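All chains are named by letter (A, B, ...) in the order of the sequence lines, taking the proteins before the strands, and each is independently numbered beginning at 1. Only a predicted model underlies this, so the values are computations on that prediction, with no experimental measurement involved.
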Amino acid sequence: MEDLKKILNERQYAAVTSTSKYLRIIAGAGSGKTRVLTYRIAYLIDNLGYYPSSILAITFTNKAADEIRNRVEKTLNMGHLHMSVATFHSYCARILREECKLLNYPSSFSIIDEDDQKKIVKDIIKEKEIEAKDLKISTCLDYIANKKNQWITPEVELKTTKGNFFKHQEAIIYGAYEDYLQKNHMLDFDDLILKTIKIFTENPHVLEKWQNRLRHILVDEFQDVDNNQFKLLCQLAGDDNEITVVGDPDQTIYTWRGANIQIILNFNKNFPDCESIALEENYRSSGNILNVANQLISHNHNRVKKNLFTKADLGCDISIYVADNEIKEAEYVVNNILDLYDGQNIFYKDFAILYRANSQSAPIEQILMNRGIKYKIYGGIRFYRRMEIKDCIAYLKFATNLSDDFSALRLIENTGRGIGKTTLDKIKANAQTENVSIYEHLKNNLDNLKDFYMGKQSASLRSFIIQIQELHDKFLFEPKKANVILDDHLHKYGYFDMLIANEMDDKIDNVHKFIEQMRDFLMKDDATLDEFVQNVSLMSSQDEINDQQATDDYVKLMTVHTAKGLEFDNVFVYGLVESIFPSSRTIMESIDGIEEERRLFYVAITRARKRLFLSTSGGYSYMGLRQPSRFLKEIKFKAQEENIAIKKGQDKPLLPTNIRAGSLIKHDIFGEGIVLNEHDGLIDVVFKDPKFGRKTLVASHKFVHLIK
DNA sequence: CGCGAGGATATTTTT
DNA sequence: TATCCTCGCG
């Protein structure tokens, strides 16, 4: 390994070489976090003699995991190291593959994504004939995730919600959902973590086995860890294993999903003799960019102060632009790209356009297309969520896990078998009557399906089952050739024909791409088909980024969330409009929400190395008149263009207000409420409707009206 | 089964 | 303001 003292600064060196049992690294944006993490792992192996297999590094994306593995192997100049670099979810999937018989699951369990969840809940609502007027699917899923993650079982929920009609129905759905998953040997993302914790809690000897395999656990992006992930980490660490955590509290952007910022803040208090190191020198951005970032984040009150600095020059001025409308704003962005692009030093791939919500990409796309600039959107419809890919996955899931009714139904319905809703409902009902899985029902009645279904349908179902049996057997005998087997199957039984008939050329390409990925994965010695199917279900939008980034010259478009952990020479943060960024919901909800939005904007700014362009636009949207984001007013900078209301002295509250403690107000969504107190333009309100309870709101917001 | 009218609905989404 | 989804009809 290189001479670490030469290539690392003092703090980084201390972090890499620390021998503390518990180490917390607070790493500011661009301070060399990934570098420190990889060198630390290399150091543990090379200098301190740890077995690679005794090291577990946890990241939040598969992409980050690959990157860390590659960099460690490169640093040590070694081939494949037997260390574990995984996401929380993929590591749990691995544990469960070995241990889930303790929960009466087979190791070929299916992992379901959010689309699958929605479909399941939808079917439950229909089947149970639940009055679904006000019941939104997404609300149900939120509710289920919420209860689950708090370890509240459906049984308990059913009891406690008696008397509350609405909540009781949600509890019924929750119960049916859990039953459905258990019956079909399915696990959702939350289950992966929760079931692992459950097994460890109930089977101390199993936990001990996993603890003993490890000696040192490192966790990246620790600021976004939630309570159960932390619990799992503590279990794996036990009393003896060492822990290193790395994170930046200013970059917590997933609290809406359970991330608990207190975990990183209190880590040093909860672990005895924990060493804490702060990395504060930024190596990524120019001085101007860093100044803006620092100024912005200093507006957060609920925060530990930090002094992020750089030795770099001030660099280019920050550009800001206020356009009349969204189209003009998009033109501004694209014109700047064209001005800078020279095809020699600056390429299209050096530009990233970031926005708050996926829906904002349309105007930019339009203009980029007009000017003939190649671009790529990340995180829109993800590869693994495409219909044709989900069909392939359903084939794999069903053929390896015959009790997976969900995949069975998908295949029967979607793969051109001439079977519609009526027959599908019949199949479900019949299987339920016989109290067996759909596969069993059809297989048991293979020769008398005519008694159950109409002629055409019964013949179709018969051949479907025979096909699946063939696929199942082939996978069993030659799992390593699963890619070839699937490819043959799709040709032989008309799936490709169906796509050709519908002129779905791009879908055919995608299927080929998928089968190639399968081949590459299965080529590895220890890789199994179960593992492939489960991993595929854990893929995400960031996983596409790497391959394209290196070679092709595309402008990249993505949400700020997706851009986390990435960096680009030139960054546009587009659509800085009040109620979009910060988003309207967080404006209404609470001060914590605004602070999270501010952290999100901070993440956006700190992606930039050389140039930063901020823009906003007026015009109308369904929310009404668009106004520049408050965040633009919070930063003072030497701007190239300052063309309207952001100039000093023009700052004023959005609307005058005379709401104070004791006022009776009416909120468009929460209804009537009484103001408890008023401070800094914010009001604490108790709403009449106990559903909403007590909230902190922005007093001047247009959703709030004074009654008296 | 496919189409159009009309109603609902409107973040972010590492897994 | 736009888009997406659903439902009803041909």
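Comparing atom distances between the A/D224 side chain and each of B/dT12, B/dT11, B/dT14 picks out B/dT14 as nearest. Distance from the side chain of A/T61 is smallest to B/dT14 among B/dT11, B/dT14, B/dT13.
Not a single donor-acceptor pair under 3.5 Å links the side chain of A/S407 to the backbone N or O of A/D404.
Atom pair A/I594:CD1 and B/dT11:C1' shows a separation of 13 Å (rounding to whole Å applied). At whole-Å resolution of the value, OH in A/Y91 and P in B/dT14 are 23 Å apart. B/dT13 atom P lies 14 Å from atom CG of A/D115, rounded to whole Å. Atom CD1 of A/I193 is separated from atom P of B/dT14 by 15 Å (rounded to the nearest Å). Here the C1' atom of nucleotide B/dT11 and the CG atom of A/D142 are 12 Å apart, to the nearest Å. Distance, A/L566 CG to B/dT14 P: 12 Å, rounded to whole Å. Straight-line distance from the CD atom of A/E596 to the C1' atom of B/dT12: 9 Å, rounded to whole Å. A/I580 places its CD1 atom 11 Å from the C1' atom of B/dA10, with the value rounded to the nearest Å.
Taking atom P on both B/dT11 and C/dC4, the two are 12 Å apart, rounded to the nearest angstrom. Nucleotides C/dC5 and B/dT12, compared at atom P, are 14 Å apart to the nearest Å.
Residues meeting the ring-ring contact (aromatic ring centres under 6.0 Å, His included) test with A/Y105, sequence neighbours left out: A/H185. Residues satisfying the side-chain contact (heavy atoms from CB on, under 4.5 Å) criterion with A/K118, sequence neighbours excluded, are A/E114, A/I137, A/L141. Residues forming a ring-ring contact (aromatic ring centres under 6.0 Å, His included) with A/F581 (at least two apart in sequence, or on another chain): A/F601. When the ring-ring contact (aromatic ring centres under 6.0 Å, His included) test is applied to A/W256, the partners found at least two apart in sequence or on another chain are A/Y254, A/H561. By the ring-ring contact (aromatic ring centres under 6.0 Å, His included) test, A/F267 pairs with A/F222, A/F271, sequence neighbours left out.
Contact annotation for A/K118: no contact, since no heavy-atom pair falls under 4.0 Å across all strands. Nucleic acid contact class of A/T559 (heavy atoms, under 4.0 Å, all strands): sugar-phosphate only. Within 4.0 Å (heavy atoms only), A/Y254 reaches at least one base atom of the nucleic acid.
Taking 4.0 angstrom as the limit, A/T562 places a side-chain polar atom (N or O) nearer than this to OP1 or OP2 of B/dT13.
Running 5' to 3' along DNA chain C, contacts with non-hydrogen atoms of chain A at under 4.0 Å begin and end at C/dT1 to C/dT6.
Geometric assessment of A/K119 against the ring of A/F406 yields a positive cation-pi assignment under the 6.0 Å and 45° thresholds.
Map A/E597 and A/T87 each onto its nearest nucleotide of DNA chain B; the residue landing nearer the 5' end is A/E597.
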